Chemist: 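Have a look at this one before I ask anything.
Everything quoted here is computed from the prediction, not taken from an experiment.
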Amino acid sequence: MKVIKENKLHAEESKTNENQYEKANELSLGNGDNNRSLIEVIPDILVNIDINGIIIDINTSVENITGIPPNKLIGTEFSKYFTNTEKAWANFQEVLEKGSGNNYELDIRHSHGAIKTVLCNGVVYRDGDGEVAGIYAAARDITEYKQLQREVHGLEHNFRNTLDNSPLGIRIITEDGELLYANHAILAMYGYDSFEELKNTPIKDRYTRESYVAFLKRREKRRQGEPTPNNYEISINHKDGKIRHLAVFRKEVIWNGKKEYQALYQDITEHKEADIALKESEEFNSSLLINSLNPILVINNDYSIKYVNPALEKLTGYSQKELIGVMPPYPWWIKDNYERTLRRLKALVRRKPRKYEELFQNSSGELFWVEVSQGLVSVDGEIKYQLISWTDLTEQRRLRKNMQFYISAITRAQEEERKRIAREIHDDSIQALAALILEIDSMVQQQDGIPKSTIRKLRRLRSETNNVVEGLRKFSHRLRPDIIDQIGLIPALEVLGEEFESEHGINMSLEIRGFEKRLKTEVELILFRIVQEALRNVRKHSEATKAIVRIQYGNDKIRLTIADNGIGFILPEVLGDFAADGKLGLIGIRERANLLDSKLLVKSRFGKGTAVMIEVRNTYGMVKEMYSSVVIAQSNA
């Protein structure tokens with residue numbers, strides 16, 4: 001075992017550490033060449049410490065994080081390398097007493113002065129007589145994670161302030177409906193004075209009877225893994241005894257590091273009551289329509305306008321006099337969307353209500369988004385009118401914009417940290433190794449007085465050092481490929497594919513379908529990271545010979561697919577189950593997909609390969625079209 005041999009060499013040179021090196025031979029971290037090789041490539045820090053706190057064996061990661069070679073580490077007291085020696089000793093004693101210990105957070109000081117934060121675990125081992133002989137300790141560098149955690153906490157604080165002050169009702173709930181958070185608007189909808197009052201009110205008492213039964217059915221379906229709608233309506237009991245009707249939009253979110261559910265609530269009580277009244281009789285309650293805060297439009301069977309309420313007049317800037325009797329296209333329609341908007345207007349059949357979002361413009365040419373709700377009104381069994389109600393989405397769009405900022409900030413923080421690390425690797429580590437190579441070259445060129453065996457070792461050392469430099473350069477490039485900033489996602493994926501194919505021997509194809517467009521930088525970075533992580537999974541787990549990355553550009557969405565012809569695997573019911581097995585690749589892909597509020601689908605079959613598909617709606621906007629194409633296939637096969 002390489003480390004043990006080196007320890008023996010130093011033992012011959014220094015009798016002081018003789019006992020420690022003998023312990024290292026007897027109680028090494030790995031038994032056998034294969035085990036030792038595996039331990040040396042593990043990125044985690046592994047240390048063998050005797051009961052007196054003396055280091056008797058380490059792996060390469062310990063040298064990397066301390067900057068101190070093994071011959072100077074082995075035989076020394078372990079605690080001296082931590083900034084808080086007392087805490088390190090206290091943790092050490094606790095492991096000796098209890099037999100094991102987990103998640104001790106400590107700071108290690110590098111020989112150059114840099115401080116690294118590590119998360120430590122330990123377990124005792126015993127000698128042949130059953131007596132405790134020492135501790136096997138493992139640690140992981142969490143410095144970058146701690147920095148990102150601090151930045152994300154700041155973003156979360158700002159994001160929660162936005163939620164608190166939103167006029168839309170917002171709740172965070174568990175899968176079973178347990179309340180975790182509610183903003184001021186939701187409290188007002190229920191009529192409660194505090195979050196505690198709302199939370200302490202039984203769920204059954206918050207709903208009307210019908211809505212509570214519907215809630216129980218949705219909850220049971222979710223528990224059984226059956227699909228449930230994300231958009232629905234509920235009726236609640238206000239504190240004053242009145243019934244309020246709410247439209248709900250529900251989606252998964254990460255809250256305090258866990259998967260929970262966010263629900264947005266729009267009070268549609270007036271709209272609901274107006275809809276019911278209109279369906280009951282042709283002589284609908286004009287007073288209710290007039291005072292409704294929701295814009296309402298009634299059209300005849302020939303699509304001519306019969307009635308508009310004041311809220312619609314106010315939003316569009318057109319008066320009743322200008323609108324009554326007008327046929328499509330209506331004046332608020334956008335010219336480029338005439339055909340699609342008319343098709344949607346005529347699509348209401350079989351008396352099924354429809355909802356969709358539409359972009360309109362007012363009389364001044366200003367654009368606004370609304371959610372359009374369409375329903376049919378019958379009189380004496382005959383369909384007479386079509387009732388159209390709008391919900392102004394201005395506030396929701398503002399929240400969505402805030403979410404985009406939140407996404408951009410997180411992505412920017414992550415990429416800036418990657419850029420910083422890449423820069424430090426280039427400016428510090430690579431430059432230091434380059435200087436070392438020059439020094440070795442100088443020694444080799446002099447040769448006088450240096451044995452030939454030493455010259456050969458120096459040349460071998462120079463070659464190994466040069467390989468390390470090349471590896472660091474590749475790692476630095478992968479951390480933060482500047483080509484994305486310069487010319488975009490597709491060229492960056494081309495470079496990634498070429499490197500992947502040449503380094504791992506797996507045939508890689510890149511397909512672009514539709515009209516290629518530049519996306520916002522944050523979106524391109526997230527998509528690049530998803531591809532990067534997916535290809536890493538292909539390399540590590542799939543045993544594939546071919547991989548395909550396909551990007552399909554549509555008018556209002558982008559679909560990214562990464563597929564391979566590998567061995568496949570069994571998908572768990574919940575992707576989060578991979579975390580327990582340490583398989584974090586798909587978890588990372590899912591988290592990045594969530595940042596884009598996109599759909600993620602993973603398919604895998606034994607012997608048939610695996611496909612990861614992400615569909616991103618055009619929430620974030622296209623910048624410009626680069627060129628026209630139907631299908632572009634690029635491959636180095």
Side-chain angles (χ1 to χ4, degrees), residues 334-341 343-344 356-359 367 369 397 400-401 403-404 407-408 411-412 415 481-501 507-535 538 546-564 589-603 609-637:
I334 295 176
K335 186 174 182 180
D336 292 342
N337 297 339
Y338 278 0
E339 184 178 344
R340 185 192 66 184
T341 309
R343 187 167 60 250
R344 284 179 166 177
Y356 53 89
E357 293 184 5
E358 191 68 85
L359 180 65
L367 301 177
W369 282 94
R397 291 280 168 168
R400 188 178 293 174
K401 185 177 181 180
M403 280 296 296
Q404 292 175 24
I407 292 169
S408 298
T411 305
R412 193 161 49 247
E415 293 301 326
D482 293 333
I483 191 173
I484 293 181
D485 296 329
Q486 296 167 2
I487 53 178
L489 174 63
I490 300 304
L493 291 180
E494 291 174 359
V495 173
L496 178 64
E498 291 172 358
E499 293 176 349
F500 179 79
E501 194 170 57
N507 183 274
M508 162 74 189
S509 297
L510 175 63
E511 296 180 6
I512 302 96
R513 298 184 177 183
F515 300 105
E516 181 185 340
K517 302 173 178 71
R518 284 300 304 270
L519 313 178
K520 288 189 176 180
T521 302
E522 291 81 6
V523 179
E524 292 192 331
L525 283 169
I526 292 173
L527 292 176
F528 179 83
R529 294 299 181 201
I530 288 173
V531 175
Q532 197 175 44
E533 186 62 50
L535 290 179
V538 172
K546 294 181 181 180
I548 297 175
V549 176
R550 180 182 301 114
I551 299 183
Q552 184 172 346
Y553 293 93
N555 292 330
D556 60 349
K557 64 184 177 182
I558 301 161
R559 181 175 295 165
L560 169 64
T561 304
I562 307 99
D564 65 66
I589 291 173
R590 184 192 66 183
E591 295 307 315
R592 289 186 170 97
N594 285 343
L595 282 177
L596 294 178
D597 194 21
S598 59
K599 295 180 181 178
L600 171 64
L601 178 63
V602 180
K603 293 183 178 180
T610 302
V612 177
M613 288 167 281
I614 297 95
E615 185 173 283
V616 185
R617 288 286 172 181
N618 190 16
T619 305
Y620 305 94
M622 304 297 186
V623 177
K624 61 180 180 179
E625 292 190 359
M626 300 292 289
Y627 53 85
S628 299
S629 65
V630 177
V631 176
I632 301 174
Q634 296 165 341
S635 173
N636 293 326

Chemist: Check Leu519 against Glu524 and note the closest heavy-atom contact, atom names and distance.
Modeler: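 Answer, listing the atom of Leu519 first, then Glu524: N-OE2, 3.2 Å.
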
Chemist: Given the rule in the side-chain contact (heavy atoms from CB on, under 4.5 Å) test, do Arg513 and Arg559 qualify, once you have shown the distances and angles that lead to the verdict?
Modeler: CA-CA 10 Å; Arg513 298 184 177 183; Arg559 181 175 295 165; over 6 Å; no

Chemist: Minimum heavy-atom separation for Glu357 to Arg344, with atom names?
Modeler: O-NH1, 3.0 Å

Chemist: Quick one: does Lys603's side chain have a donor or acceptor within less than 3.5 Å of a partner on Leu601's backbone?
Modeler: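 Between the backbone of Leu601 and the side chain of Lys603 there is no qualifying donor-acceptor contact (under 3.5 Å).
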
Chemist: Listed by chain and number, what are the side-chain contact (heavy atoms from CB on, under 4.5 Å) partners of Tyr338, not counting sequence neighbours?
Modeler: Pro329, Trp333, Lys335

Chemist: Can you tell me how far the NZ atom of Lys546 sits from the CG atom of Asn507, to the nearest 0.5 Å?
Modeler: 6.5 Å

Chemist: Nearest 0.5 Å please: distance from the CD atom of Glu494 over to the CG atom of Leu489.
Modeler: 10.0 Å

Chemist: Taking the side chain as every heavy atom from C-beta outward, state whether Ile562 and Thr610 have any atom pair closer than 4.5 Å.
Modeler: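 When only atoms from C-beta onward are counted, Thr610 and Ile562 do not touch, as no gap falls below 4.5 Å.
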
Chemist: Between atom CD1 of Ile589 and atom CZ of Arg529, what is the distance when rounded to the nearest 0.5 Å?
Modeler: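 Going from the CD1 atom of Ile589 to the CZ atom of Arg529 covers 13.0 Å.
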
Chemist: Any side-chain heavy atom of Val616 within less than 4.5 Å of one from Leu560?
Modeler: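 Side chain of Val616 against side chain of Leu560, heavy atoms only: no contact under 4.5 Å found.
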
Chemist: For the atom pair CD1 (Ile614) and OG1 (Thr561), what is the distance rounded to the nearest 0.5 Å?
Modeler: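 Answer for the CD1-OG1 pair, Ile614 versus Thr561, is 7.5 Å.
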
Chemist: Mind checking side-chain contact (heavy atoms from CB on, under 4.5 Å) for Ile334 and listing every partner two or more places apart, or none if nothing turns up?
Modeler: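 Ile334 satisfies side-chain contact (heavy atoms from CB on, under 4.5 Å) with Asn337, Leu359, Gln361, Leu367 only.
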
Chemist: Measuring from Leu527:CG to Ile490:CD1, what's the distance to the nearest 0.5 Å?
Modeler: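 Result: 9.0 Å between the selected atoms.
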
Chemist: Of all the heavy-atom pairs spanning Phe500 and Met508, show the shortest one and how long it is.
Modeler: CD2-CB, 4.1 Å

Chemist: Rounded to the nearest 0.5 Å, what's the gap from OG on Ser598 to CD1 on Ile530? Could you check?
Modeler: 6.0 Å

